[in-house]
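The structure under discussion appears below in the form of structure tokens.
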There are 2 protein chains.
Amino acid sequence: MTNPTGHEIAEALGLLLRRSTRAGLHAQLTEGLGEAVDELTYPVLSGLARTGPCSAADLGREVGLDRTTVTRRADRLEEAGLLRREADPGDRRATLLVLTDAGQGVVRTTRERLAARIEDSLASWPAADARAFARLLRVFVDEGPFHA
Amino acid sequence: MTNPTGHEIAEALGLLLRRSTRAGLHAQLTEGLGEAVDELTYPVLSGLARTGPCSAADLGREVGLDRTTVTRRADRLEEAGLLRREADPGDRRATLLVLTDAGQGVVRTTRERLAARIEDSLASWPAADARAFARLLRVFVDEGPFHA
DNA sequence: CGGAAAAGCGTGTCCGACGCACGCTAAAGT
DNA sequence: ACTTTAGCGTGCGTCGGACACGCTTTTCCG
């Protein structure tokens, strides 16, 4: 083998993927944030946080789900008060999905919990390593093998 | 903010997760490897490659699936000749799931394709960066925030 | 040593999620 | 003005996942 780096990274990524999709992790990150926030609805919520107000169809393209699936999940989130539907002022057919303050809070809390968890595990690292890792990971993701 | 590293890494990981679960990626990596290998059955196959011969229940714990779900997916893989069932010599109730040569080939091919893809994207990196990234990623995964 | 309890497996069955198809309303095109 | 297209919600068919049951074998204990 001339260069084992590819295999090393592939193995680590596989492990990372498996760990991060373990059921327990999501439950920990969203604990106490309401029954409506689960593995299914959270991607819709956080996708909406990324895109800003948009239609169910656009959000579906963003998160890789069918339009109708987004609608159904949005129903639950709306009932829980985490998002609301607004009429698009420019198009009277369209309905915009908009995060409520509560919904933004859920996303922010979840993200901060994850970030804190990551920082905890990096606490024992040399500062230079932590910075280097953050930088290299960012580059890897942006122009990486999953066709950016 | 005293240290933005946690948020930076969290955001990059989120992006990585979304990209890597995009439907197209798995299709590319397993192209031409048979109809039986899809997003559902591959985790069983690769899990079995990690554990070696084991029972459906043990494999279920490994990959985070119910015992019966593993059985059903193993049925498809067995029909395709990628794994076989063997009687456990030490326990006549137990059935061991064992990869066939074809099954090992599928796992190996998929892994090599992924590794090659990763190496391609790293080709333009300084060699020191690539080595550092592989090392740091490994440490991050091993003793990282997802309760190693 | 023998019977009860437990472990292992496969399958029948229910439940939930997903996506297609339909019908409706509104916008755009001709 | 009429047709075509875009957007949305909802009723259904389909599929995957987990629980519950029955069977066999092993283990435990009296």
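Convention: sequence-line order gives letters A, B, ...; per-chain numbering from 1.
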NZ/NE/NH1/NH2 to OD/OE distance under 4.0 Å, [X] and [Y]:
X        : Y        : result
A:Arg76  : A:Asp38  : yes
A:Arg67  : A:Asp58  : no
A:Arg85  : A:Asp75  : yes
A:Arg135 : B:Asp129 : yes
A:Arg84  : A:Glu78  : no

Query raised in the report: Taking OP1 and OP2 of C:dC9, is either one under 4.0 Å from a side-chain nitrogen or oxygen of B:Ser55?
Result: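 For C:dC9, OP1 or OP2 has a side-chain N or O of B:Ser55 closer than 4.0 Å.
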Rounded interatomic separation in angstrom, taking [atom1] from [X] and [atom2] from [N]:
X       : N      : atom1 : atom2 : answer
B:Arg92 : D:dT24 : CZ    : C1'   : 10 Å
A:Glu35 : C:dG16 : CD    : C1'   : 15 Å
A:Glu78 : D:dC8  : CD    : P     : 14 Å
A:Arg85 : D:dT10 : CZ    : C1'   : 12 Å
A:Glu39 : C:dA17 : CD    : C1'   : 13 Å
B:Asp75 : C:dG10 : CG    : P     : 7 Å

Query raised in the report: Touch check for B:Asp91, heavy atoms < 4.0 angstrom, all strands: base, sugar-phosphate only, or nothing?
Result: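 Contact class for B:Asp91: sugar-phosphate only.
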Query raised in the report: Tell me, which of residues 59-70 of chain A have any heavy atom that sits under 4.0 Å from an atom in DNA chain D?
Result: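 Those residues whose heavy atoms fall under 4.0 Å from DNA chain D, taken from residues 59-70 of chain A in numerical order, are A:Arg67, A:Thr68.
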Report task. Looking only at side-chain atoms of A:Leu40, point me to the closest of D:dG11, C:dA17, D:dC8. Result ->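 Among the listed nucleotides, the one closest to the side chain of A:Leu40 is C:dA17.
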Requested in this report: Identify which nucleotide among C:dG19, C:dT13, C:dC9 has an atom closest to any side-chain atom of B:Arg72, counting heavy atoms from C-beta outward.
Outcome: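 Looking only at side-chain atoms, B:Arg72 lies closest to C:dT13.
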Query raised in the report: Are any side-chain N or O atoms of B:Thr110 and backbone N or O atoms of B:Thr30, one a donor and one an acceptor, separated by less than 3.5 Å?
Result: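 Here the side-chain-to-backbone pair does not exist.
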Query raised in the report: Between B:Arg50, B:Arg111, B:Arg138, which is the residue that forms a salt bridge (charged side-chain N to carboxylate O under 4.0 Å, His left out) with A:Glu11?
Result: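 Of the listed residues B:Arg50, B:Arg111, B:Arg138, the salt bridge (charged side-chain N to carboxylate O under 4.0 Å, His left out) partner of A:Glu11 is B:Arg138.
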Query raised in the report: When the nearest nucleotide of DNA chain D is assigned to A:Ala94 and to B:Gly90 on a heavy-atom basis, which residue is associated with the more 5' position?
Result: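 The residue closer to the strand's 5' end, by nearest nucleotide, is A:Ala94.
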Query raised in the report: Counting only heavy atoms not in A:Glu39, do more than 12 fall under 6.0 Å of its CD?
Result: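 For A:Glu39, atom CD is crowded (more than 12 foreign heavy atoms under 6.0 Å).
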Query - B:Arg93 vs B:Thr71, nearer the 5' end of DNA chain C by closest nucleotide - result: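 Counting from the 5' end, the first nearest nucleotide belongs to B:Arg93.
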Query - Base-paired stems that DNA chain D participates in, counting runs of 3 or more Watson-Crick or G-U pairs under 3.5 Å - result: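 Consecutive-pair runs (3 or more) involving DNA chain D: C:1-30 with D:1-30.
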Query - Nearest heavy-atom neighbours spanning B:Ala130 and B:Leu122 - result: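 Taking every non-hydrogen atom into account, CB-CD2, 4.0 Å.
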